[in-house]
Amino acid sequence: MKIRKAKISDLKQVQKLINDFAKREQMIPRSLNELYETVRDFVIYESDGQICGVCALHIMWEDLAEIRSLAVDKSHQKTGIGINLVKRCLKEAKSLGLKKIFALTYHPDFFRKMGFVDVDKASLPQKIWGDCLRCPRFPECDENAVMLHL
Ligand SMILES: CC(C)(COP(=O)(O)OP(=O)(O)OC[C@H]1O[C@@H](n2cnc3c(N)ncnc32)[C@H](O)[C@@H]1OP(=O)(O)O)[C@@H](O)C(=O)NCCC(=O)NCCS
């Protein structure tokens, strides 16, 4: 499966993929500015020159990182792309020496299949809530928090 680190030239397509889901309140939207600043967080799946999947590993603290901005184009879902994108991020997390990876998600079963367990959102560090302020559903958050210990 063709998963690779994102390049600057990928980011307009990446933004479209993320923001199409964000318009339906399924994800937090990302600006191009933010994507340029965090390009090193992203891995992508490309097929025939089209970016069909994206996922980011965002480091939060000395032992903690977040899986975020995970999206697979509708026509490519349920073919293993999502799981392979997350696996690639987990591999990088391990190599960096991170110990805990969390995600905030409407698809907890997807993450549970990979060994993530449910945690109380309140147990996550306050700095994660900066992103939540931009969520269309804030403050009525109905996302699940899940965590994996590497
Ligand atoms: C969630 C999402 C990334 C999953 O990607 P995907 O490429 O379809 O997932 P995969 O094909 O890798 O699925 C891996 C496994 O998880 C399962 N799975 C996929 N989506 C699932 C879901 N929403 N709930 C439960 N299980 C799910 C698959 O059935 C598969 O299980 P299997 O190996 O036993 O068959 C994709 O549905 C998506 O982009 N959704 C819209 C955007 C979004 O909500 N992003 C935020 C995610 S935190």
Side-chain angles (χ1 to χ4, degrees), residues 1-6 10-32 34-35 37-61 64-94 98-150:
M1 187 166 286
K2 282 175 271 169
I3 290 174
R4 62 167 172 82
K5 292 291 282 186
D10 298 323
L11 295 180
K12 286 186 180 147
Q13 273 195 63
V14 165
Q15 186 193 32
K16 185 170 177 347
L17 188 54
I18 293 172
N19 289 358
D20 281 350
F21 286 114
K23 279 182 206 146
R24 283 173 258 147
E25 298 195 359
Q26 293 177 30
M27 295 179 72
I28 292 177
R30 299 287 171 198
S31 68
L32 271 180
E34 194 177 4
L35 293 175
E37 285 183 354
T38 58
V39 62
R40 283 171 289 199
D41 287 357
F42 284 86
V43 292
I44 61 141
Y45 171 80
E46 192 177 8
S47 175
D48 295 329
Q50 286 298 307
I51 291 169
C52 310
V54 61
C55 184
L57 176 78
H58 189 70
I59 297 171
M60 286 287 176
W61 205 245
L64 182 70
E66 178 183 11
I67 294 284
R68 56 158 69 162
S69 296
L70 169 64
V72 177
D73 172 65
K74 269 245 166 298
S75 60
H76 289 81
Q77 287 180 7
K78 310 268 181 205
T79 61
I81 296 170
I83 206 162
N84 279 293
L85 286 164
V86 173
K87 276 186 182 165
R88 173 71 181 261
C89 287
L90 295 177
K91 194 172 164 197
E92 186 177 6
K94 222 173 211 169
L98 289 155
K99 300 277 183 272
K100 295 180 289 180
I101 311 298
F102 74 92
L104 290 164
T105 182
Y106 296 116
H107 302 287
D109 285 341
F110 170 84
F111 285 94
R112 287 176 192 134
K113 278 188 175 163
M114 273 179 282
F116 284 75
V117 294
D118 294 28
V119 289
D120 185 350
K121 270 178 272 188
S123 69
L124 299 172
Q126 277 185 350
K127 70 177 285 200
I128 71 157
W129 305 119
D131 244 11
C132 297
L133 294 174
R134 295 187 298 127
C135 176
R137 301 197 194 197
F138 181 81
E140 309 299 332
C141 177
D142 50 358
E143 283 192 308
N144 294 68
V146 290
M147 180 85 80
L148 181 76
H149 291 259
L150 291 175

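All values derive from a computational prediction rather than experimental measurement. Start at 1 and go down the list; that is how both ligands and their atoms are numbered.
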**Q** With side chains defined as the heavy atoms from C-beta onward, is the minimum distance between Phe102 and Leu64 less than 4.5 Å?
**A** yes
**Q** Can you name the residues that come within less than 4.0 Å of ligand 1, going by heavy atoms only?
**A** Phe21, Gln26, Met27, Leu70, Ala71, Val72, Gln77, Lys78, Thr79, Gly80, Ile81, Gly82, Ile83, Thr105, His107, Asp109, Phe110, Phe111, Lys113
**Q** With Lys5, which residues qualify under side-chain contact (heavy atoms from CB on, under 4.5 Å), at least two apart?
**A** Val43, Arg88, Glu92
**Q** For Asp120 and Ala122, indicate whether the former's side chain and the latter's backbone hold a donor-acceptor pair under 3.5 Å.
**A** yes
**Q** Any salt bridge linking Asp109 with Lys113? Criterion: basic side-chain nitrogen under 4.0 Å from a carboxylate oxygen.
**A** no
**Q** More than 12 non-hydrogen atoms from neighbouring residues, nucleotides or ligands closer than 6.0 Å to CZ on Arg4, yes or no?
**A** yes
**Q** Quick check on side-chain contact (heavy atoms from CB on, under 4.5 Å): which of Glu25, Met27, Glu143 does Tyr106 satisfy it with?
**A** Glu143
